[in-house]
Amino acid sequence: MALVPSMLPSLTKVGAEVLIERSAGERAGFADKAYADKGATIVASRAELFAQAEVIVQVRGLGANQDAGHLDIPLLRAGQAVVGFLDPLGSPEFARDLAQKGVTAFAIELMPRVARAQSMDALSSQATISGYKAVLLAAHHLPRVFPLMMTAAGTLSAARVFVLGAGVAGLQAIASARRLGAVVEAYDVRPAVKEQVESVGARFVELPLETAASEDKSGYAVGQDESFYRRQRDVLTRVVTSSDVVITTAAIPGKKSPVLVTREMVEGMQRGSVVVDLAAERGGNCEATRPDEVVEINGVIILGPTNLPATVPNHASQMYAKNVTAFLLHLMKDGRLQLDSDDEITRETMVTRDGHVVHERVK
Amino acid sequence: MALVPSMLPSLTKVGAEVLIERSAGERAGFADKAYADKGATIVASRAELFAQAEVIVQVRGLGANQDAGHLDIPLLRAGQAVVGFLDPLGSPEFARDLAQKGVTAFAIELMPRVARAQSMDALSSQATISGYKAVLLAAHHLPRVFPLMMTAAGTLSAARVFVLGAGVAGLQAIASARRLGAVVEAYDVRPAVKEQVESVGARFVELPLETAASEDKSGYAVGQDESFYRRQRDVLTRVVTSSDVVITTAAIPGKKSPVLVTREMVEGMQRGSVVVDLAAERGGNCEATRPDEVVEINGVIILGPTNLPATVPNHASQMYAKNVTAFLLHLMKDGRLQLDSDDEITRETMVTRDGHVVHERVK
Amino acid sequence: MTALVNVAYLVAAVLFILGLVGLSHPRTAPRGNLIGALGMLLAVVVTLLDRQVIEASTRGLLLIFSAIVVGGAIGAWLALKIRMTAMPQMVALLNGFGGGASVLVAGAALRDASTPSLQLTIATAASGLVGGITFWGSLVAFDKLQEFFLRGKPVHFPMQQTLNALLFIGALAFGVAIALDPTAGWAYWGLVALASVLGVTLTLPIGGADMPVAIALLNSYSGIAAAATGFVLSNNALIITGSLVGASGIILTRIMCRAMNRSLMNVLLGHGVGAGQVGASADAVYAGKVKSASAEEVAMVLGSARRVVIVPGYGMAVSQAQHAVRDLANLLESRGAAVEFGIHPVAGRMPGHMNVLLAEANVPYDKLKEQSEINSQFEQTDVALVIGANDVVNPLARTDPSSPIAGMPIMDVDKARTVIVMKRSLSPGFAGIPNPLFAADNTLMYFGDGKAAVLELIAALKEAG
Amino acid sequence: MTALVNVAYLVAAVLFILGLVGLSHPRTAPRGNLIGALGMLLAVVVTLLDRQVIEASTRGLLLIFSAIVVGGAIGAWLALKIRMTAMPQMVALLNGFGGGASVLVAGAALRDASTPSLQLTIATAASGLVGGITFWGSLVAFDKLQEFFLRGKPVHFPMQQTLNALLFIGALAFGVAIALDPTAGWAYWGLVALASVLGVTLTLPIGGADMPVAIALLNSYSGIAAAATGFVLSNNALIITGSLVGASGIILTRIMCRAMNRSLMNVLLGHGVGAGQVGASADAVYAGKVKSASAEEVAMVLGSARRVVIVPGYGMAVSQAQHAVRDLANLLESRGAAVEFGIHPVAGRMPGHMNVLLAEANVPYDKLKEQSEINSQFEQTDVALVIGANDVVNPLARTDPSSPIAGMPIMDVDKARTVIVMKRSLSPGFAGIPNPLFAADNTLMYFGDGKAAVLELIAALKEAG
Amino acid sequence: MPALVQLLTIFVLAIFVGFFVITRVPPLLHTPLMSGSNAISGITIIGAMLAVATPDPLSTVMGYIAIVFASINVVGGFLVTHRMLGMFKRKE
Amino acid sequence: MPALVQLLTIFVLAIFVGFFVITRVPPLLHTPLMSGSNAISGITIIGAMLAVATPDPLSTVMGYIAIVFASINVVGGFLVTHRMLGMFKRKE
Ligand SMILES: NC(=O)c1ccc[n+]([C@@H]2O[C@H](COP(=O)([O-])OP(=O)(O)OC[C@H]3O[C@@H](n4cnc5c(N)ncnc54)[C@H](OP(=O)(O)O)[C@@H]3O)[C@@H](O)[C@H]2O)c1
Ligand SMILES: NC(=O)c1ccc[n+]([C@@H]2O[C@H](COP(=O)([O-])OP(=O)(O)OC[C@H]3O[C@@H](n4cnc5c(N)ncnc54)[C@H](OP(=O)(O)O)[C@@H]3O)[C@@H](O)[C@H]2O)c1
Ligand SMILES: NC(=O)c1ccc[n+]([C@@H]2O[C@H](COP(=O)([O-])OP(=O)(O)OC[C@H]3O[C@@H](n4cnc5c(N)ncnc54)[C@H](O)[C@@H]3O)[C@@H](O)[C@H]2O)c1
Ligand SMILES: NC(=O)c1ccc[n+]([C@@H]2O[C@H](COP(=O)([O-])OP(=O)(O)OC[C@H]3O[C@@H](n4cnc5c(N)ncnc54)[C@H](O)[C@@H]3O)[C@@H](O)[C@H]2O)c1
């Protein structure tokens, strides 16, 4: 749910009127009444809502919601603004649809990563939830317990968790797995992340680079040649196959995710091991991943959840609503949208305007 | 799975021969080959196994396994011994069936709680797994995250978890929930448990007893009168309705579980809250529980899993196997059963022998 | 009579010792000072009973009284007028006068002695030498700190050490002359003159920051001068008190050097830290304005704080200091301070980073305050303790619209009475920009690796009792 | 010559002081003792140069040498023969001889003095009084510890205090007699006689456990006697050394009383702990066999251990000491010890209880050893540190088939060289049974609440350097 | 025993006392301790008093100045110390 | 200055030194410290040596016994201390 009741006052204070589709908040645990109490008008149907509203706020809009997103297109009106995850880089065709409709569309995933936009950064907030939930999912499927337990009925060894990609979701996954008592290792291409990984208590898996080579060029440059990739795979294979849980988070927004865990590696894993691939939406970091399906290979379970935040709807909505509200407040003056395309945040997130696709990276 | 490969050597060392039903270990992640490697004979069918074995070792046998348990009855032979969860107190009729068959049956849940039997105490080992898994289950269903997170997208408050009944499973649930970052409270009738609850970092919910009354009689005695119950319910209602997760573990083996969480309390809970009732098998501590079903009341989800250890098959089997092996080694001499009914452990666990139900509490 | 006077001197000496013992603990220090003053009073009163004084004319007594009144008035005026911040130079000045008095007393005794013994002449020479150095050295030290003529910087000139050596040898030569011919008054004054120059040249190279050490040393000298004068007069009180002060001053000097991680030689020669070391990492924002504090100083500040807010950042995570930080918070609370944690939404490198760590360390959730909640409370906060945070406490976010963190809401720690920032260096944080907070008037930097630094601080707090 | 002798005495005194300084730190103690011995050697050699001695006949010199050889031989024999455990009574005995020597020297001086001054007579009386008390008091103390005639128990009889007072007044009266008539030798011996009785009656009521305090006090007395003898002979060396020992002995007495949480009065009057307090909680298993240690003693044991195994139990959980325990383990490791944790499968109150806590405290998993793994290693373990565990280390499980924990596999901590058990009291654990481990020969009980006790131990370890 | 030896003995013992008194003083008391012991070193004042009481006029003048100096030292020193210590008083 | 005052002064200062030296000694050194200082208190031996050197025969006897006593104290004390301290040596 893109707005939660507690956010409404900040919007109404600046003069905005808030319309809520009936029962929209139900799944996340927010009753219509809660919205109404905070001054929202409950609108019976989606069509009616689209007819009345000037700004439409969604979680997953066109593009990002391949199933139902296109159903909204006929409802849109010229001059209307749309805010939400729109996946303009992955599905630029929908951006063009929106432009044709004359809609001003803001893709929240394009939010620039500048300090003052941190409170609007929905990718980060949703990745936080994903990282946490990925660990729960893995723990739920693993036929073993996470923590070390020395009991009268023998010693249960701790689960070994390997996190690939230590961005927002990855770090959160590391921290959550550590909390549950797992032994955690992590890997990321950006070596700067090592310190961050260690700061949440995991071991960083380092690739043994050839010293001679790395003295001439930068470490990254050396990383390009074929022998590097081979050695990288070797190291990763070793770590992956000795892990009980592998969580991959190396998503590159709008691009296909790099394959880090090959089918071969999966086959080398212990029966009962679990792979959670958070990059599933864009093909996955694991060769065997199929989005939103449970794949089993040799007793290894591969999960490719594409929308984990939706499984923690209450808190995910709360965070998203906070992001969107901050964004709307940034865009609005005196209760109306006032677009200033000199502003970095506005410029970077605006995909279409006045019938055109205006974003550099989408055009 | 009642035996894991790593336990076989200790059995074969004392002269026992181990037969394993084909694919029996599959679900728990133990391949037939692993058993064979450790010296077991893989037997193609259940019937064949029953025909050959002197001692049958199961997890949930007759009585404890209402669905499939009775299928085994025809396969049993006189003189054979059966070891497993048999629920002789809850389903004494099955004990009579076993006696009729001339089988010597050992109910592992009757294991006396003496120090030297700790390694055979399967109730404890399985409760450990249940407590851990109950928390994961709750976290999985809760539309919120467990830990407190202060982020740029607002603060996510920590989940409030209330554990009713702080026995083995309850304490483990407390510890696991604390690990995940929840704020945990717990309650138990036995006031001695307070210290134990605090030793795993939770707050013990105390019932405000009337001082005058408690000075005359023992606290427990005072607990009997009606006003005590009312006040107990009041306190519990207050704690339950302000909790996001309630985990109940107050099972009394062989008896109906006491109702601690009424339907009214559930209705008072926040939408999205979760109740995990570990006592579901015997009616549950929550009025609304239905065993192995997901009940939803006013947006509150009530789970009544009856066999959580089976969802962590690998480690649960490892522990159970260790318990059973220790028990078998206790019963055996020179590779054969040597029953000594002067021995407390043997006496307390043996339900039937020589065609009779011999256990005091089952008769 | 003389015996009685001497017993009284012994009592005075005992009072001095007890006074110093008192001064070495915060709780008893004020009383210790009083006891010392009492000892002095006793010594002075008893001296009036000395045969020599009693037999003097009324004029002599009047002179004594008037001199005491004049000196006492000046001393009192100086002591009460001076600003608290100027205390060190004040101590230097007072100390100088003590040294000067020794020079004069020894000189007078040399004149008065009918048949000066070797003990007397040698002691007189020692008193003149050490007293002279003390007097002028103290004046230079005073001036360096007060910045009348000289700035705090070390003054170096060529052949400094050689000159000092020559001066010293010259002074010794004069001393020998006195011993050989006690009537040679000129030799004494020549010695005093050389000692005076030596006092100046020895003190000039010492840097402003090292002055406290120099003053402690000069203080020790003045004690030695007094002891020497005691041998001149065969006076127990002077000997005991002088050697007491001399020895304690030297010990104090050593302790202070160790606390600053300097060797005494470095200090005396004006080498070492000074501008250089700070300069390397400082830029326009920090130049000369950063105040660094030791664990003990930080402990002192925290020791008297009633409301402390701890603001952790990425540095706490890197050094895994969370358990130590929790211990610190508990310790402060056990001493009656209210301690809370201010958690910035993006402190660390992942959402909820601080929460994970502090939960691990069992810091109760209700001690964690969100930024919006705590910000309004910094004004009532005695000490804001920033542990390994940087960007999230950078006031540039409020003031500099061109900065990469412009517009980010920050923790307003600068509104607290005192800010203590604990980090390894002046290096920037994630955003890569300098932080004017570190150079603020009410900020003390406490440099060190997060965990180790917190542990040291805990130890210092416990030590200070 | 006399001047030189006196300077040498001063040097000897300085050596004594340095020796005592050395003795107050474990690392420097052996050297300190040597320095003290050196000082003594110097003092003795220099005395041979004294006019009085030099002028004595060869016979005199021979007497001196032979006496030193005899006394030295006896002293060496005693010192080398004695068992380590009998050290305290040995010290008492030696101390007594010191006091006796003072009595004799003062008596001889009184005889020899041609015109005894008041200083001499008063000092002689003091020396006789204190020396007599020291001599006999020390002998009684020795006997109480050695248990020749008396047992360690306090001896009380009616009117004890009154008798002591009378004896003291009587001794004073003799003292006055000596001062009035220095030739009255009988008065001196009368005084010594009364002092001797006083020495016995004062020491009798002191309990065996309190004897170390009494010995420290008697040691202080012997110093005072020596100082008094110094005043008799106007000898700096005796005065300085005697007052040094006298003062340090009194301080030591106070420190020891404080460490035992007793008042000096209680000790002297034979009140307080003794059997009563221990008896209350002790039963057949523990009676008289439990050795309790202070944090410092435990620190000393741990300080020299190379392999330490920590066995935590429910008590660690109750007091939430896991973080402190982790710190302790880290501290020991940083000093070069190998530290591991032995985790018993049912330690605590739920399966994996210790694991949860130690994981929270970030103890690496690879330091946690299962019972079966660690049990074989206890024999190579210097110290097994049991923190709040009881049943899981109770050897009754192995030995007593009727015990409720019979057959439970336990941690074989008793096989370690030293076992230190940290808990609040001798109370039983879950199983409700006593634990013979606590009374084992190689076990030291360290009583205290888990967390606080561990923190204290850490402090003691750091202090001991 | 010649007087000088006694004086020397006293000197040495006093040095020891000085050493011991100051060891382990916490750094936060360095400054007040310095100024307190500084005040005590003004003990030269008693020497100065004796000097004034001599018949020689120059000695008297020197003694007079010495008393002034020393009393500045003594009075200023104790007062400054007192002020400094005021800062340490805990506000209860 | 009369000799007694000097002796008293020395006495008082030595007492201070004694106090300061012992303060803060760790309890584990109590016993060796006690026996070490005990050995030092055998300094009476020098008084005894002087007593032997007198013409008076009784004094000589008393002096003789005193030397024997004192040397037992000194030699035994230092040796016992040495043995005790051997226990503290760390095995490297
Ligand atoms: N929370 C998030 O989700 C997130 C994600 C990405 C980025 N960020 C950004 O990260 C920054 C977080 O701010 P912050 O104040 O927490 O961190 P910061 O600005 O990065 O500053 C951390 C400081 O800690 C010090 N430090 C590092 N290691 C240390 C150690 N071992 N001991 C002591 N100090 C140490 C460093 O100074 P020295 O080197 O001098 O010691 C550094 O200046 C913000 O700019 C935020 O935008 C946050
Ligand atoms: N792990 C399980 O699953 C489980 C479950 C149920 C029962 N048990 C039983 O529990 C027992 C566990 O053995 P254990 O050795 O861990 O515990 P224990 O035998 O119960 O002994 C714990 C000891 O800790 C001390 N203690 C308690 N609070 C303390 C504090 N604050 N500070 C210091 N010490 C404290 C107590 O002595 P003081 O009072 O003198 O301090 C007590 O003797 C076994 O008998 C086991 O069978 C275990
Ligand atoms: N300044 C800010 O306001 C701000 C806000 C949020 C995040 N960030 C930072 O941005 C960075 C990226 O965060 P994200 O979670 O959105 O990233 P992401 O979701 O795009 O990628 C996740 C991680 O995968 C890694 N990765 C990509 N390709 C990989 C490969 N082939 N092998 C291994 N790892 C690979 C990336 O390095 C990244 O760490 C983080 O360091 C985060 O701290 C900054
Ligand atoms: N000595 C041993 O070897 C050993 C082994 C295992 C367990 N135990 C102990 O046995 C005890 C019971 O363990 P369990 O988990 O098997 O018990 P259980 O499963 O029978 O019951 C779980 C908990 O529910 C509580 N309970 C029952 N009725 C209740 C009510 N009306 N309201 C609230 N709480 C209620 C019980 O007190 C118990 O703590 C625990 O204390 C455990 O430590 C001992």
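Every chain is numbered from 1 and lettered A, B, ... according to where its sequence line falls, protein lines coming before strand lines.
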Per-residue contact mode, Leu13(F) against chain D (heavy atom under 4.5 angstrom): neither

Leu48(D) versus chain F, the contacting section by heavy-atom distance below 4.5 Å: both

Any donor-acceptor N/O pair, Asn38(F) side chain to Gly77(F) backbone, under 3.5 Å: no

Asn235(D) side-chain N/O to Gly230(D) backbone N/O, donor-acceptor pair under 3.5 Å: no

Pick from Val75(F), Asn73(F), Ile65(F), Leu79(F) with the largest number of heavy-atom pairs that fall under 4.5 Å of chain D: Asn73(F)

Largest heavy-atom contact set with chain F, pairs under 4.5 Å, which of Ile250(D), Leu93(D), Leu63(D): Leu63(D)

Greatest number of heavy atom pairs closer than 4.5 Å to chain D - which of Leu58(F), Val61(F), Thr60(F): Leu58(F)

Heavy-atom pair count under 4.5 Å with chain D, highest-scoring of Phe69(F), Phe19(F), Phe16(F), Phe11(F): Phe69(F)

Atom group of Ala39(F) that falls short of 4.5 Å from chain D, counting heavy atoms: backbone

Between Ile68(D), Val69(D), Val21(D), Val103(D), the one whose heavy-atom pairs under 4.5 Å with chain F are most numerous: Ile68(D)

Backbone N/O of Glu297(D) and side chain of Ser294(D): donor-acceptor pair under 3.5 Å: yes

Non-hydrogen side-chain atoms of Val105(D) and Val232(D) separated by less than 4.5 Å: no

Leu461(D) backbone acceptor or donor facing Arg335(D) side chain under 3.5 Å: yes

Whether Thr28(D) side chain and Gly22(D) backbone form a donor-acceptor pair below 3.5 Å: yes

Portion of Ser127(D) that has a non-hydrogen atom of chain F nearer than 4.5 angstrom: neither

No-hydrogen, no-angle side-chain donor-acceptor test under 3.5 Å, Thr229(D) and Thr44(F): no

Note, Leu33(F) side chain near Ile22(F) side chain (heavy atom, < 4.5 Å): yes

Non-hydrogen atoms of Ser138(D) and Asn95(D) that approach each other most closely: OG-ND2, 3.4 Å

Top contributor to chain D contacts, counting heavy-atom pairs under 4.5 Å, from Val17(F), Ile43(F), Ile67(F), Leu8(F): Ile43(F)

Between Ala227(D), Gly223(D), Ala216(D), the one whose heavy-atom pairs under 4.5 Å with chain F are most numerous: Ala216(D)

Residue pair Tyr9(D) / Ile240(D), side-chain heavy-atom distance below 4.5 Å: no

Top contributor to chain D contacts, counting heavy-atom pairs under 4.5 Å, from Ala66(F), Gly63(F), Ala70(F): Ala66(F)

Interchain contact, Val74(F) with chain D, by part (heavy-atom threshold 4.5 Å): side chain

Proximity breakdown for Ile215(D) and chain F, heavy-atom pairs closer than 4.5 Å: both

Selection from Ile45(F), Asp56(F), Ile46(F) maximising heavy-atom pairs under 4.5 Å formed with chain D: Ile46(F)

Parallel, tilted or perpendicular: ring planes of Phe97(D) versus Phe135(D), cut at 30 and 60 degrees: tilted

Most chain F-contacting option - heavy-atom pairs closer than 4.5 Å, from Ser102(D), Gly98(D), Ala37(D): Ala37(D)

Per-residue contact mode, Leu80(D) against chain F (heavy atom under 4.5 angstrom): both

